[in-house]
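Scope of the values below: all heavy atoms of this structure, side chains included, with no hydrogens, waters or symmetry mates. The sequence lines fix the lettering, A, B, ..., with proteins before strands; numbering per chain opens at 1.
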2 protein chains.
Amino acid sequence: MAGVAVPKARQVYLVLRERIASGGLPSGEALPGEQALAAEHSVSRITVRRALAELEREGLIDRRRGAGTFVTQRHAPKPLVADLADVLSNIAAMGRSTSVRLLAFGYQDAPPAIAEALRLTPGERVQRSVRVRIIDGQPFSYLTTHVPERVGVTYSEAELASRPLLSLLERSGVSVDRATQEIGAVLASPDVAAALDVDVGSALIALTRAVYDTDGRGVEHLAALYRPDRYAFRMDLVRTGSDDRRRWAPVAGNDDGGRTQPATTATARGTQSRTGEGT
Amino acid sequence: MAGVAVPKARQVYLVLRERIASGGLPSGEALPGEQALAAEHSVSRITVRRALAELEREGLIDRRRGAGTFVTQRHAPKPLVADLADVLSNIAAMGRSTSVRLLAFGYQDAPPAIAEALRLTPGERVQRSVRVRIIDGQPFSYLTTHVPERVGVTYSEAELASRPLLSLLERSGVSVDRATQEIGAVLASPDVAAALDVDVGSALIALTRAVYDTDGRGVEHLAALYRPDRYAFRMDLVRTGSDDRRRWAPVAGNDDGGRTQPATTATARGTQSRTGEGT
DNA sequence: GCATGTTGTATCATACTGTAGACAAATAGA
DNA sequence: TCTATTTGTCTACAGTATGATACAACATGC
C-alpha cells in the first residue's frame with residue numbers, strides 16, 4: 001500500500017460518520033473527547049480534529065468549546081427502499097418524482113464480459129447507454145446498459161431518456177421472459193462519483209442484471225450503481241414448510257411498491273457494527 | 001473535504017483495479033501508457049506510477065520496460081454466490097468448509113436502533129455477539145447479532161460459535177415466522193477491515209435482517225458485512241402475469257440450490273448456491 | 001469561586017504527497 | 001540499423017499530513 005494509503009484523518013472521519021449514520025451515536029449524544037478519540041484510533045489529537053472539522057462542516061456534529069462535541073439533531077432522510085421481489089416495476093408507482101439524465105449513447109463492439117453474460121457472438125455490436133436516475137432532484141443511481149444492436153435500433157435516444165428501457169423492449173416485440181441479477185458493492189470511481197455527487201471512494205451498491213427473452217437470448221444487460229444513503233433493497237421472507245423441511249420463502253412483490261411490510265415500519269437502516277472488539 | 005481527501009494515487013489505483021476486476025481490461029490486454037493515464041486522470045506521471053506500482057505489487061499487472069504494462073493472466077477467483085430466495089438455508093450444503101470465529105459475546109442494553117427494529121421496550125437487555133465466518137480458510141463475512149435476553153439465555157457462548165443461530169433459536173422453542181432484510185453498501189471501518197482482512201475503506205455489502213416470531217416479536221437482529229470479492233447475492237426472476245398486468249416474480253429457491261437458472265454463465269461455475277444461514 | 005474537562009489556537013519538526021523536468025534503458029516495429 | 005515508444009531512475013521543490021507539546025478560552029459542576 002505504499003503511496004496509496006487512506007489518510008488517517010479520513011479513516012477517523014469515515015468511522016465517526018458511519019457511527020452517526022447508523023444510529024450508534026444517537027442524536028444529541030456527546031462524542032468522546034478529542035483526547036479519547038485520539039487514543040481510541042491511535043492517532044494524534046490534531047488528526048482527530050481534522051476529522052471532526054469535516055463532520056462539522058457537513059453539519060453532522062456540533063462542537064462547543066468547553067462543553068464537548070454533540071451529534072446534530074436533524075435526522076438524515078431515510079433512503080428509498082425497493083422491494084427486491086418487484087425490483088423491475090415502475091419506480092414512479094412509489095409516488096416519488098423521478099427523472100433521467102442520459103450521459104452516453106452509442107453503438108460499439110460488445111465487451112467480452114457483456115457478450116458472455118448475454119450469450120452474444122464475440123464482437124457483436126451492442127448499444128451502450130449510461131443514464132443517471134434522479135429522485136426529488138437528487139441523483140441516486142448510475143445505470144449502464146448494453147442491448148444487442150438488433151433490439152437497440154427499435155427505439156431512439158430520446159425515448160431512452162424518457163421511458164423505462166424494459167417497456168421499450170416489450171413495445172418492440174421482445175418477449176421478455178427471465179432475468180438474473182446479482183448484488184455486490186463497489187467503490188465510486190471519479191466519473192461515477194461526479195455523476196452521483198459523492199466522494200471518490202464512497203461505497204455503492206452494485207446490481208448487475210441480465211434479461212433474456214423466451215428463446216433464451218440476452219436482450220439487456222444492466223450494471224447499476226446506487227447510492228446506499230438514498231436507495232436500499234428490501235426483501236420480506238416467511239418461514240414455510242413442515243418441521244422436517246423448514247425453509248424460507250420470499251413474500252411476492254405487491255403493487256404498492258413494497259410499502260406493506262410485515263414488520264419494520266421504520267426501516268432501521270444500516271445498523272452497523274458498533275465497534276470495539278475485533279482485530 | 002479539507003484534510004480528509006483520498007490521495008490521487010489511490011484514486012487512480014482504485015479505478016484501474018476496478019477496471020481490471022470487472023473485465024473492462026481483459027487479461028493480457030495492454031494498459032494505456034503512463035503518459036496517457038496521467039493525462040486521462042489529470043495527474044502527474046509519477047502519481048500514475050505509484051498506482052501502477054501497487055497494482056504490480058498485488059500481481060494484477062505486469063510491467064515491461066520498453067514494452068508497456070499488461071494485465072496479468074491469472075483470473076481472480078469469482079465470489080461465492082448466494083441465492084437471495086433461499087438465503088437462510090444451511091451454507092454447509094454448498095459443499096464448502098466453513099468455520100466461525102467468535103469475536104465478542106455479552107449482554108447489554110439494546111441500542112436504540114436495534115430496539116426499534118425488534119420492537120423491544122427501550123433499554124431492554126439484549127445479547128450481542130460478533131462473529132466472523134470463514135470459508136476455505138478465508139474470512140468473508142462479519143456478523144453482528146442482537147437477540148433479546150430471554151431468548152439469548154437458552155444457548156451458550158460455545159454453541160453460538162459452532163451452530164447457526166437460527167437453529168439455536170428454533171431449538172429453544174422460538175417459532176420463527178417472518179424476516180425482513182435490507183441490502184446496502186458501506187465502507188470497512190478499521191475493526192471490520194482487520195477481521196475481514198481488507199483495507200480500511202474497502203466497499204462491503206451490508207445486509208440487515210430482523211427476524212420475528214409468530215407473535216410478531218423480534219427474536220434476532222443481524223447486521224452482516226460481506227466482502228464483495230468473496231460473496232454476492234443472486235436472484236432469478238421470471239416475467240409473469242397477463243399483458244395488462246405484467247410483472248416480475250422471484251424464482252423460489254428450489255432444492256438444487258437454484259441450479260436451474262435461465263442464464264448466468266458468468267456465475268454458474270461449478271459449485272452452486274444454496275446458502276448461508278446467518279451468513 | 002474554582003477545579004476540571006473540554007474545544008480552540010499556536011508552534012515546530014518530520015514524513016508523505018504531488019508536480020516538473022531530464023535522462024537512461026529496454027522494447028517493438030519499420 | 002534506426003526510430004519511436006515505453007518503463008525505470010534521478011533530482012529538486014512546494015504543499016500537505018501527521019505528530020508532539022504547550023497554552024488560551026470556554027463550560028460545567030461542585
key: Phosphate-side-chain proximity, Thr69(A) and dT7(C), N/O vs OP1/OP2 below 4.0 Å   = yes
request  = Return the value, rounded to whole Å, for the distance between atom CG of Asp62(A) and atom P of dT6(C).
outcome  = 17 Å
request  = Give the intermediate values and the outcome of side-chain contact (heavy atoms from CB on, under 4.5 Å) for residues Asp199(A) and Val6(B).
outcome  = CA-CA 9 Å; Asp199(A) 293 332; Val6(B) 177; over 6 Å; no
note = Heavy atoms of Leu120(B) and Pro148(B) approach each other most closely as CD2-CG, 4.0 Å
query = Does OP1 or OP2 of dT19(C) have a side-chain N or O of Lys8(B) closer than 4.0 Å?
reply = yes
remark   = Between Ile134(B) and Gln138(B), the two heavy atoms sitting closest are CG2-N, 3.3 Å
task = Mind calculating the distance between CZ (Arg63(B)) and C1' (dT5(D)) to the nearest angstrom?
result = 16 Å
Candidates dG8(C), dG18(C), dG19(D) - which lies nearest the side chain of Arg45(A) = dG8(C)
note = Atom CZ of Phe70(B) and atom C1' of dA26(C) are separated, to the nearest Å, by 12 Å
ask   = Got a second to check how far Lys8(B)'s NZ is from Arg50(B)'s CZ, nearest 0.5 Å?
value = 11.5 Å
ask   = Gln35(A) CD to dA20(D) P: how many Å, rounded?
value = 11 Å
ask   = Want to settle it: does Gly33(B) or Ile46(B) sit nearer the 5' end of DNA chain D, counting the closest nucleotide to each?
value = Gly33(B)
query = Can you name the closest pair of heavy atoms from Gly218(A) and Arg150(A) and give their distance?
reply = O-NH2, 3.8 Å
request  = To the nearest Å, give me how far apart CZ (Arg50(B)) and P (dT16(D)) are.
outcome  = 15 Å
request  = Could you check which of dT18(D), dA22(C), dG8(C) has an atom nearest any side-chain atom of Arg49(A)?
outcome  = dG8(C)
remark   = Nucleotide by nucleotide, nucleotides 25-30 of chain D touches protein heavy atoms under 4.0 Å in the pattern (B base, S sugar-phosphate only, - none) BBB---
request  = Respond yes when some side-chain nitrogen or oxygen of Thr47(B) is under 4.0 Å from OP1 or OP2 of dT19(C), and no when none is.
outcome  = yes
task = Could you check how far CG of Leu31(B) sits from P of dT5(D), rounded to whole Å?
result = 19 Å
request  = Please report the C-alpha distance between Glu56(B) and Thr69(B) in whole Å, then the side-chain angles of each, then the deciding distance to 0.1 Å, and finally whether the side-chain contact (heavy atoms from CB on, under 4.5 Å) criterion is met.
outcome  = CA-CA 9 Å; Glu56(B) 183 180 34; Thr69(B) 303; over 6 Å; no
ask   = Expressed in angstrom and rounded to an integer, what is the separation of Glu56(B) atom CD from dG8(D) atom C1'?
value = 11 Å
request  = Round to the nearest Å and state the distance from Glu34(B) atom CD to dT9(D) atom C1'.
outcome  = 12 Å
key: Phe233(A)/Phe233(B) under ring pair (Phe, Tyr, Trp, His ring centres under 6.0 Å): CA gap, chis, key distance, verdict   = CA-CA 12 Å; Phe233(A) 292 109; Phe233(B) 292 108; over 10 Å; no
